[in-house]
There are 2 protein chains.
Amino acid sequence: MSLDRATMDERVPRDFETLRATILDRRESLPRRIAQIAAYALDNPDDIAFGTAASIAASAGVQPSTLIRFAQQLGFDGFTSLQQVFRERLRERNSSYDERLLALRAKAEGGAGHRAIFDGFVAAASTSLNDISRTLDETHLEDAISLLARAETIYVLAKRRSYPVATYIAYALGKLKIRNQLIESAAGLNAEMIAFATPADAVIAISFSPYAPATIEEARAISERGVPIVAITDSSFSPLAQFARVWFEVAEADFAGFRSLSATMALAMALTVGVGEKRRDSGRRRKA
Amino acid sequence: MSLDRATMDERVPRDFETLRATILDRRESLPRRIAQIAAYALDNPDDIAFGTAASIAASAGVQPSTLIRFAQQLGFDGFTSLQQVFRERLRERNSSYDERLLALRAKAEGGAGHRAIFDGFVAAASTSLNDISRTLDETHLEDAISLLARAETIYVLAKRRSYPVATYIAYALGKLKIRNQLIESAAGLNAEMIAFATPADAVIAISFSPYAPATIEEARAISERGVPIVAITDSSFSPLAQFARVWFEVAEADFAGFRSLSATMALAMALTVGVGEKRRDSGRRRKA
DNA sequence: TATGTATTGGAATTATTATTTCATATTCCC
DNA sequence: GGGAATATGAAATAATAATTCCAATACATA
């Protein structure tokens, strides 16, 4: 007597993500037609959720029995229970994006557990991304990228909360082989570092209220040397905005006293990669 | 000779909103049981989309035949075609968000301008947040927070792409007055730093493929000292997962070769603030 | 190349589910 | 209050759909 599949196999996937992972995992070892229906299922999950075994099989170009074998191979006892997973997915995802955000936030504010905290940060990040996506000024983006693309060295200036963004910019610039210098205060050598900057360079400065005094001071010093500044900050009253040649207003939502960085990150990456592209293009043009 | 209903009535509702309006409009004039199922349908559209005539009728407290009469009264030729409208709604609703994302991404990939690059990063961040929001394992979160809350010092270990997250964690832990130590390689003192760690401490380690060898090496060294590790990484094959007491799988979407950090950031913040809360709570309890 | 094993296609079977029917109850009007 | 029209419940029936089965084929192994 042999154990049946349900006992033998690891537990049957109950949610779509697990199912997806399982399929992707076994993809290589699946027979041809089963693989065919597997690919179809991941590509057209809605069809699986709503179709009948026959209609799905027809669309995927296999026999209904193959569809059932596929389900069984995954540990389900038939097509119907496989379908449940696809339906559940729709149920969970069905609420519109904004509704989901609201729900998340409500849960985060009302709820007690740590999951609620997590939801709060996700909601804050989503909101911020949404906002910046609506409000970003395209002209500013173009101006900033042009300015930065001309720079010999790009200095990156940010402290405290904004510092992670600065490190990411520095990392990305490095990968793109763009000369850059992160101005950090570890050894207190910032003043000397700044003294190297010339008007042929440029600065990306990031600071949010309450503005780190060091950032402001260094931004002032460097702008007095005639080095153009691109600033990311949170309002037109920001001292950074005064020194900047181009500046972006980014409103980050906050949760539990910590503001999201997602919008700032997205903008920072767009600037960085934008500069990378611009340089490649003009480099090519110059050669041609 | 009288015209039949289909000819008499205005066209049957083809989309959910029209259907909803029609029902609301006729509500007053509907017979009791039909009104009952009508109310149920508007309150539980998902059930109508997925259920069988019998199951829906049971939930709504009517007979299956009533359900069919309801459909016919609205001009459909049976329950099945009524159900189509409810299914279509789910399909569209579900795709609206994804489509928006896809559109963003398509614009980003196809489009030329720098705005497209920005959109790409926003899309990547949104996707990542979405994913993690669905897949995060709550138990892991609780375990990780408990583990970290017990630690005397929390060490934060991450390089390169993950380094920004580490700096943000360090910043947040600092603000919450939680003792922590960022393991950075500036002065090459990492080995010495690690030597201070004891099993009473804990580590948050972050690394994504391709895993920075230094991160892996240091994680191994520190785990051999018996210091528990909470890891954030991208797959169960990650070397980090092996050393970790608790680990999270975070799938970040990428754009233009740079992966988003938004999901990792959200998780990192949840861990940090979660630890802060837990400590406050248990501190209070101990005093009481 | 022969032999056993795994895979596939297609029809037969079984099950589930929608729909119809009809008897009964309720409502509304004269 | 009586009768017609409408509404409802419950079970019978028809339809649709899932599953199983078996023969045919492809594939791997010796």
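Lettering follows sequence order; numbering is per chain, from 1. Hydrogens, waters and symmetry mates play no part in the numbers below; they use all other heavy atoms, side chains included.
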Practice task
Remember a base hit wins even if backbone is also touched, and classify A:Ile34 as base, sugar-phosphate or nothing at under 4.0 Å, heavy atoms.
Solution key: sugar-phosphate
Problem - Rounded distance in Å - CD (B:Gln73) to P (D:dA7) - result: 7 Å
Exercise for the section: Could you tell me the separation between the CG atom of A:Leu30 and the P atom of C:dT7, rounded to a whole number of Å? Expected result: 9 Å
Practice task
Please confirm whether the backbone N or O of B:Val230 pairs with a side-chain atom of B:Arg245, one donor and one acceptor, at under 3.5 Å?
Solution key: no
Handout entry: Backbone of B:Gly51 reached by a side-chain donor or acceptor of B:Gln83 within 3.5 Å
Key = yes
Problem - Phosphate OP1/OP2 of D:dA10: any B:Gln63 side-chain N/O under 4.0 Å - result: yes
Practice task
Could you tell me whether B:Arg259 and B:Asp234 make a salt bridge, using a distance below 4.0 angstrom between a side-chain N and a carboxylate O?
Solution key: yes
Handout entry: A:Phe70 CZ to D:dT19 C1', straight-line distance once rounded to whole Å
Key = 17 Å
Exercise for the section: Send over the distance from B:Ile56 CD1 to C:dA18 P, rounded to a whole Å. Expected result: 7 Å
Practice task
Please figure out whether B:Pro31 or B:Pro64 has its closest DNA chain D nucleotide nearer the 5' end.
Solution key: B:Pro31
Practice task
Strictly below 4.0 Å, heavy-atom distances to any atom of DNA chain D: list the hits from residues 78-85 of chain A, or just say none.
Solution key: A:Gly78, A:Phe79, A:Thr80
Completion exercise
To the nearest angstrom, the CG-P distance between A:Leu67 and D:dA18 comes to 8 Å
Handout entry: Within 45° cone and under 6.0 Å: B:Arg91 NZ/CZ vs A:Phe50 ring
Key = no
Problem - Least distance between heavy atoms, A:Ser128 atom then A:Ala253 atom - result: OG-N, 2.8 Å
Exercise for the section: Take the protein atom CZ of B:Arg32 and the nucleotide atom C1' of C:dT27, then report the distance between them rounded to whole Å. Expected result: 12 Å
Fill in the blank from the handout: B:Ile68 atom CD1 is separated from D:dA11 atom C1', nearest whole Å, by 13 Å
Exercise for the section: Return yes if some donor-acceptor pair links the side-chain N/O of A:Thr66 with the main-chain N/O of A:Ile34 below 3.5 Å, else return no. Expected result: no
Problem - Distance test, side-chain N/O of B:Gln72 to OP1/OP2 of C:dT20, below 4.0 Å - result: yes
Exercise for the section: Could you tell me whether the side chain of A:Ser65 has a donor or acceptor atom within less than 3.5 Å of a complementary atom in the base of C:dG10? Expected result: yes
Practice task
To the nearest Å, give me how far apart CZ (A:Phe76) and C1' (D:dA18) are.
Solution key: 16 Å
Problem - Residue pair A:Arg20, A:Leu42: steps toward the side-chain contact (heavy atoms from CB on, under 4.5 Å) verdict - result: CA-CA 7 Å; A:Arg20 180 193 172 78; A:Leu42 293 186; 4.0 Å; yes
Exercise for the section: Tell me what B:Arg69 touches on the nucleic acid: a base, only sugar-phosphate, or nothing, going by heavy atoms under 4.0 Å. Expected result: base
